Amino acid sequence: MTSVASGLSQRLARRLAPRGIIFDLDGVLCFTDRFHYEAWLDCAREVEAPFDWTINDRLRGVSRMESLEIILEGSPHDYSDAEKERLATEKNERYRALLAQMTPEDMDPAARAMLRGLREAGFKLAVGSSSKNAPYILERLQATDLFDAVIDGSQIERSKPDPEVFLRAADALGLEPGECLVVEDAVAGLEAARAGGMACVGVGRGAWPLHCAPDARVEDVSELASLLERPGSPAAPEAEIPGGRTWWKEAVVYQIYPRSFYDANGDGIGDLRGIIAKLDYLSALGVDVVWLNPIYRSPGVDNGYDISDYRSILDTFGTMDDFDELLAALHARGMRLVMDLVVNHTSDQHPWFIASKQNPAGEFRDFYIWRDPAPDGGAPNNWGSCFGGSAWTFDEASGQYYLHLFTPEQPDLNWENPRVRDEVFDMMDFWFKKGIDGFRMDVISLISKAGFEDGPVRADGLWGDYEPQCANGPRVHEYLHEMHERVLTHYDDMTVGENAAVTPELACLYAGFDREELDMAFQFELMDVDGGESRKWTRDWDWSLADIKRVMTRWQETLEGRAWNALFWGNHDQPRVVSRFGDTSTDARRKLSAKMLATCLYLMQGTPYIFQGDEIAMTNCVFTGIDEIDDVHTRNAFAELMEAGLVEPDEMMEIINYRSREHARTPMPWSAETNGGFTEGTPWHALNPNYDKINVEESLADADSVFHYYRRLIAVRRAHEVLVYGRYRLIASTDEHVYAYERLLGGTRALIACNFGGEAVAFDLPEDWTGARTILANYGNRGDGELRPFEALVLICEDERKE
Ligand code: NOJ
């Protein structure tokens, strides 16, 4: 169903299938910046101007006279044109003299090996540099022979960002520009690649502006081969992958809650055109798949999880044309779209339910679950709905009750009825034919009901629990297999089930590689380590790292070789992860702990799911009264528990401030402007008041922000196959503060070490890790014998370990 030809990462394969690769030289293949720095420093001293690395960064990719003007901005003196010419020439002579110190060691052996490997794999290689010194540098590096062509500053009239140098390089390779990939570290170079119509990979940690965001990023140029040629390149020998390589295993998913993402038409509610407007942002982050919460026509009792027409777009979100445009725009960027499939229930305004209710003898009656009253005239059993009150609502006209596991406006479909299944499968086909790439399946483990007996009374003492008879029911696998046979098998799609009450063993049934049901299952055991599922409306929310390790290790180990994990810290039903498992007491701790949490989870085996706003470490709000809450679940729980006298209002607000899903639903802050730049109108929901500090604009501008860390994390995962497919192995299992694990694939191993605590803790790297390369670090470097507060480290080692 989902194999990807040639094993290339699908996102890259769509945009980056080059025949030729053109490398910038300085900052990409060698580090000559330090010579420029020294030479400019001498010049700055002479003209009595300040100089540091920040000024030096502004000189990258800029012509020599423009660079001089930047230096002279800080000089108290005026210089004639002739003097400027002298200064620039002297700088160049000084630079040349420094270049003479270069030796072949100035080129990373891994980069050299990668270039050889790429040539052996059939790529044509060129250097495209605006510097006239390029041939000399290559000579010093003894690297000239590695390239089929070298275009330098003496052969061009206009330097970058003009594309001339790259166009000439493509020509020298005998290729069209569109067949070439540019590898660059500077903004001017990325702009030149874009202007020349070439795909590009950005090297390094730069905070590149969106208009020239590269198609992919690597921390180090030696990682390029693993982006282009996996498996099978000399740099990345093929390893056995249970269940095979697929695009959705390699992908990173970004979840959008459309109401709160971005409002393009000023009505205060996020919409599809708002999403289109922000696609470059997602592309810059590097995600591969967008999952949209429901956008179908709906009365909105449960914000879209009550669908009245599965084939129309809710007016507030836009039109079907907007949807088609969004899908095309995503695909054009090499991204995919996953829709929410809500088929355990519909809205009570769906024509099927209207007909079902109106005509007990009609063909639609059996689309839903109707039962006679209990002998006492009450509901057929004691089940409570997930959102408060009984799970049954009485219909006076017919004298029967209908089942709704959620609100009364969300009646449960009767999956026993083959016509219901026909309709659902037809509707799925409709969306696949439009070109979507998959479905996230809402509460899919509830679709088959085992029976309708009373359930055990829940902890709150108010209602019976429906789960034992509704979750993972007797026919659920049969239904999903049928769905696979009739629909999924015909498309190159991904599916992820929202599986309430699923264990790792059950997940191997829902999503086992050999099962032909779903691709992944969301599990909720991680969300329950602080009682988020089982003790939802209580103050009993202590959690321990030991529990997180226990849950995640069990999932990683049980699914290994059998099924694939879905990794998430939050979604639209959960509070904000950094407020829950991180530390928001200071800005620095918020950022460090958010980066650490992402590192810890997203580098396990499985597909990462990022919930909108987590990439800028959005936090929970402080709600002061129930009137500030929109969510039907939270409001109903408040009313019900209050009426039963089970909690006091203040206590309930405290619980809501820790646990409610309302926190996930506040609008995205795009800037510090009014309403966070989310809308020009009045937002449907108040923003978190901290939007003046926590917003996208701030995060994009700060090279050390959570956003840029997420971007690097995604790039690092993409560049190292071991981080996607490697086997998980817990280490330091009893450490109370550190979560450390290894990933192992063929001869490559990675180590991930995360300090969950706010104090520094002693942590010695295991002996065979001390010489390993650091590929990601939320402090930017590696401490010695300790992990600092909320520190996260990722190391990689390519030597064969003796096990
Ligand atoms: C799970 C969804 O994630 C949640 O938001 C919704 O309220 C329920 N299912 C009911 O559809």
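Just so we're clear, the structure is a prediction, and the values are computed from it rather than from any experiment. Read the numbers this way: they start at 1 and go in the same order the structure lists the ligands and their atoms.
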For this session: List every atom of ligand 1 that sits less than 4.0 Å from any heavy atom of Arg661, numbering the atoms from 1 in the order shown and giving each element.
Result: 4 (C), 5 (O), 6 (C), 7 (O)

Exercise. Side chain, backbone, both or neither: which part of His345 comes within less than 4.0 Å of ligand 1 when only heavy atoms are counted?
Worked result: side chain

Exercise. Is it the case that Arg419 places NZ or CZ above or below the six-membered ring of Phe364, under 6.0 angstrom from the centre and within 45 degrees of the axis?
Worked result: yes

Exercise. Do Gln255 and Asn293 get their side chains close enough for a donor-acceptor pair, meaning under 3.5 Å?
Worked result: yes

Problem set entry | Within 6.0 Å of CD in Glu505, more than 12 heavy atoms from elsewhere | yes

Seminar exercise, completed: Numbered in order shown, the ligand 1 atoms found under 4.0 Å of a heavy atom of Arg665 are 5 (O)

Exercise. Would one find more than 12 heavy atoms of other residues, nucleotides or ligands at under 6.0 Å from atom NZ of Lys278?
Worked result: yes

Exercise. What protein heavy atom is closest to atom 11 (O) of ligand 1, reported as residue, atom name and distance in Å?
Worked result: Asp442 OD2, 2.8 Å

Exercise. Ligand 1 versus Met441, non-hydrogen atoms closer than 4.0 Å: side chain, backbone, both, neither?
Worked result: neither

For this session: Would you please classify the geometry between the Phe611 ring and the His572 ring as parallel, tilted or perpendicular, with 30° and 60° separating the classes?
Result: tilted

For this session: For atom 7 (O) of ligand 1, find the nearest protein heavy atom and state the residue, atom name and distance (0.1 Å precision).
Result: Asp302 OD2, 2.5 Å

For this session: Determine, considering heavy atoms only, which of Val632, Asp573, Leu446 sits nearest to atom 3 (O) of ligand 1.
Result: Asp573

Seminar exercise, completed: If we number the atoms of ligand 1 from 1 as shown, the ones under 4.0 Å from a heavy atom of Phe387 are 7 (O)

Problem set entry | Carboxylate-amine/guanidinium contact Asp324 Lys434, below 4.0 Å | yes

